[in-house]
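This report concerns only the one structure given below.
Owing to the predicted nature of the structure, the values given are computational and were not obtained by experimental measurement.
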Amino acid sequence: MTWNAGIRQFHRWTSIIFTATVAANFVTMSFGEPPAWVTYSPLPPLFLLLFSGLYMFALPYFGRRRRAAA
């Protein structure tokens, strides 16, 4: 597996984890005031998604520079 494919796979699995934590957040909110750790549990996967998504967003632009230089 190449570096880019690994980042994409990581991004996919992290999005599944993020979706599950958001769903768990809504479920616990239906029972009343949730604890703080449940409320903030979607944030770590969200930041990981931000960084991996920005990396994948920038890939085509860096690829054009490498092709133009070669």
Handout entry: Pairs touching residues 39-48 that satisfy side-chain hydrogen bond (donor to acceptor under 3.5 Å, both in side chains), sequence neighbours left out
Key = none
Completion exercise
Minimal heavy-atom distance between I17 and P45, with the atoms involved, is CG2-CG, 4.1 Å
Please report, to 0.1 Å, the donor-acceptor pairs under 3.5 Å made by any side chain of residues 49-60, with sequence neighbours excluded.
| unit_1 | atom_1 | unit_2 | atom_2 | d |
| --- | --- | --- | --- | --- |
| S52 | OG | H11 | ND1 | 2.6 |
| S52 | OG | L48 | O | 3.0 |
| S52 | OG | L49 | O | 3.4 |
| Y55 | OH | W3 | NE1 | 3.1 |
| Y55 | OH | N4 | OD1 | 2.9 |

Handout entry: Joint hydrophobic cluster, F26 plus L43, side-chain heavy atoms closer than 4.5 Å
Key = yes
Problem - Verify same cluster id: V22, V27 (apolar side-chain graph, 4.5 Å) - result: no
Handout entry: Residues clustered with V38, ILVMFWY side-chain links under 4.5 angstrom
Key = W37
